[in-house]
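What follows is a short report on a single structure.
Please read all numbers here as calculations on a predicted model, not as lab measurements. Heads up: numbering here begins at 1 and tracks the sequence.
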Amino acid sequence: MSRIQWRLRELPKTISQTVRFRWQYGKQCIRSLTYNHHMNQSYASDVCMEPIFWFVDNFTHLLGPFFVFAVICLTTAVVVICYWIGLPYWWNRNRYMTVFLMTVGHWLLLNVAYNFYMAASTSPGYPPEKELIAEAVSICKKCISPKPPRTHHCSVCNRCVLKMDHHCPWLNNCVGYNNHRYFFLYMLYTSIGTLFIIAFGFELGYGVLFLDEGGWKEVEPLQGHPVRFNLSGHIIPVTEMNDYESDGMAPAKHDLPVPQAHPRPETLRGVILFMALINVATLFALGSLTAWHSTLITRGETSIEAHINKSETKRLAALDKVYRNPYDFGPRQNWQLFLGLTRKRTWWRHVLLPSSHKPEGNGLTWFTYEQTTDAGDEWP
């Protein structure tokens, strides 16, 4: 084999190796130029989420009024449909049951409307401005002001909030020290209300959507067997339907229930389907959120503190130490403090009924589980 033939034979192999080498070399150059020792999965996810954070920080306060308006419109629509279709349906079936449902329904509606209004209109609480705060434990890096314990900066409101939980666009307000209870009770009563509507409207909805009953059902369905008297006065069953007039008898008159006037079947089906979708979606969304916040309240922490306490627990666990939330006084005491059931307040008056009582303290100082034994009369 000549030297020229050998070089031609090795040429494809040399070209493929050269291309592969150039590719690997290019990747190494790019990696060396973009190398970051602190790069990890969390940092990369934060970078990818940065556009969303920017949108939330700059546009949430503009979209907030539209979210509040949407909540009001949807709640009003659900209540109107309950009066329009649900009330005649139950009144035709059982009037005593209707009175009971009206009482429970209006109690739930009163609590939903009151707590939503208070959660949206009540200030969450802010640290005093241009004053010396002796209770401050740090300085806020964004607003450059003293920051008391359990206080965090809201990027939407652009200020620090006392005992901040989160910024809720559906309220167009922060959830913090002064309105956290209203926010939770609104979610709780709304979840109970949607479950109430689903439970007592299921038969009506099932009949309209699947059985095509038009939303009407006989109060007292006809039962038994038709009979007649013979010439001797004995009662005999009627096995064949005869014409009454052929026997000289007047047509029988029956007192049957009259169907309620409802909209067209297409409209009725659309309204029932709307109610089903709205209530089921609300129950799943607010129900899960209520359960999550119930867990946080039981542990004596907010949504922000849950992440902080989780990080501290992992950090101290690596050092063979156990972390305990300093504001956790046990499930029962945590719930009493959150709901304000102190100073002889009762569950029946201040939780089951609308109440405007304020939380304990001033939001600047907080007792810890280590200080409660020495607090004396100051501890609620």
Side-chain angles (χ1 to χ4, degrees), residues 60-61 63-91 98-125 165-201 271-272 274-294 297 335 338-341 345-359:
T60 300
H61 66 286
L63 299 177
F66 295 98
F67 285 125
V68 173
F69 181 73
V71 171
I72 296 175
C73 290
L74 289 176
T75 305
T76 304
V78 169
V79 174
V80 169
I81 293 173
C82 288
Y83 275 106
W84 176 33
I85 297 178
L87 180 59
Y89 172 80
W90 277 102
W91 183 260
T98 304
V99 173
F100 169 76
L101 294 179
M102 290 286 289
T103 303
V104 176
H106 282 92
W107 166 67
L108 291 171
L109 179 60
L110 176 64
N111 279 283
V112 168
Y114 176 81
N115 286 292
F116 178 79
Y117 171 76
M118 294 298 292
S121 61
T122 302
S123 171
D165 187 89
H166 70 287
H167 184 93
C168 181
W170 299 101
L171 298 176
N172 193 30
N173 196 11
C174 267
V175 176
Y177 172 70
N178 289 326
N179 63 348
H180 196 178
R181 179 176 65 89
Y182 298 125
F183 168 75
F184 175 78
L185 290 179
Y186 164 71
M187 293 193 303
L188 177 64
Y189 281 115
T190 303
S191 300
I192 297 175
T194 54
L195 183 61
F196 173 80
I197 294 174
I198 292 173
F200 292 99
V271 170
I272 296 299
F274 168 80
M275 286 286 285
L277 294 177
I278 289 297
N279 284 280
V280 171
T282 302
L283 179 61
F284 275 99
L286 281 187
S288 58
L289 192 59
T290 302
W292 163 243
H293 277 268
S294 299
I297 296 170
W335 276 100
F338 177 80
L339 296 174
L341 298 181
R345 298 191 185 106
T346 61
W347 174 274
W348 301 98
R349 171 60 187 87
H350 298 88
V351 177
L352 296 183
L353 294 176
S355 176
S356 60
H357 65 277
K358 297 181 179 180

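The shortest side-chain heavy-atom distance between Ser294 and Trp335 falls under the 4.5 Å cut-off. A heavy-atom distance below 4.5 Å is not found between the side chains of Pro169 and Leu63. A heavy-atom distance below 4.5 Å is found between the side chains of Trp84 and Val271. In this structure the side chain of Val78 reaches within 4.5 angstrom of the side chain of Ile278, judged on heavy atoms. Residues Tyr186 and Val112 have side chains in contact (heavy-atom distance under 4.5 Å, counting atoms from C-beta outward). Phe184 places none of its side-chain heavy atoms less than 4.5 Å from the side chain of Asn115. By the 4.5 Å heavy-atom criterion applied to side chains, Tyr114 and Ser356 are counted as neighbours.
Applying the 6.0 Å contact sphere to OH of Tyr117 captures no more than 12 heavy atoms from other residues, nucleotides or ligands. Within 6.0 Å of CZ in Phe274 there are more than 12 heavy atoms belonging to other residues, nucleotides or ligands.
When all heavy atoms are compared, the tightest approach of Pro124 to Cys174 is CB-O, 3.6 Å. Among all heavy-atom pairs drawn from Cys168 and Val175, the shortest one is CB-CG2, 4.1 Å. Across every non-hydrogen atom of Ala120 and Asn173, the tightest pair is O-ND2, 3.4 Å. Across every non-hydrogen atom of Leu283 and Ser191, the tightest pair is CD1-O, 3.6 Å. When all heavy atoms of Asn178 and Pro359 are compared, the pair lying nearest together is OD1-CG, 4.2 Å.
Taking the centre of each ring, Phe338 and His293 stay at or above the 6.0 Å mark.
A search for side chain to side chain contact (heavy atoms under 4.5 Å, CB included) contacts involving Leu352 returns Trp107, Tyr189, Trp347, Trp348, not counting sequence neighbours.
From Tyr182, atom OH reaches atom CZ of Phe116 across 15.0 Å, with rounding to the nearest 0.5 Å. Rounded to the nearest 0.5 Å, atoms NZ (Lys358) and CZ (Arg181) are 12.0 Å apart. One distance of note links CG of Leu286 with CG of Leu195; it measures 12.5 Å at 0.5 Å rounding. In this structure, CG in Leu341 is found 12.0 Å from CZ in Arg349, a value given to the nearest 0.5 Å. The OG atom of Ser123 lies 7.5 Å from the CG atom of Asn179; values are rounded to the nearest 0.5 Å. To the nearest 0.5 angstrom, Leu339 atom CG is 7.0 Å from Ile297 atom CD1.
Asn172 contributes no side-chain N or O that, together with a main-chain N or O of Phe67, makes up a donor-acceptor pair within less than 3.5 Å. No donor-acceptor distance shorter than 3.5 angstrom exists from the side chain of Thr122 to the backbone of Ala119, with no hydrogens or angles considered. When atom types are taken as modelled, the side chain of Arg345 and the backbone of Gly340 share a donor-acceptor pair closer than 3.5 angstrom.
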- Walk me through it: do Leu101 and Phe196 pass the test side chain to side chain contact (heavy atoms under 4.5 Å, CB included)? CA-CA 9 Å; Leu101 294 179; Phe196 173 80; 3.8 Å; yes
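A side-chain contact (heavy atoms from CB on, under 4.5 Å) with Thr190 holds for exactly one of Thr282, Asn111, Leu185; it is Thr282.
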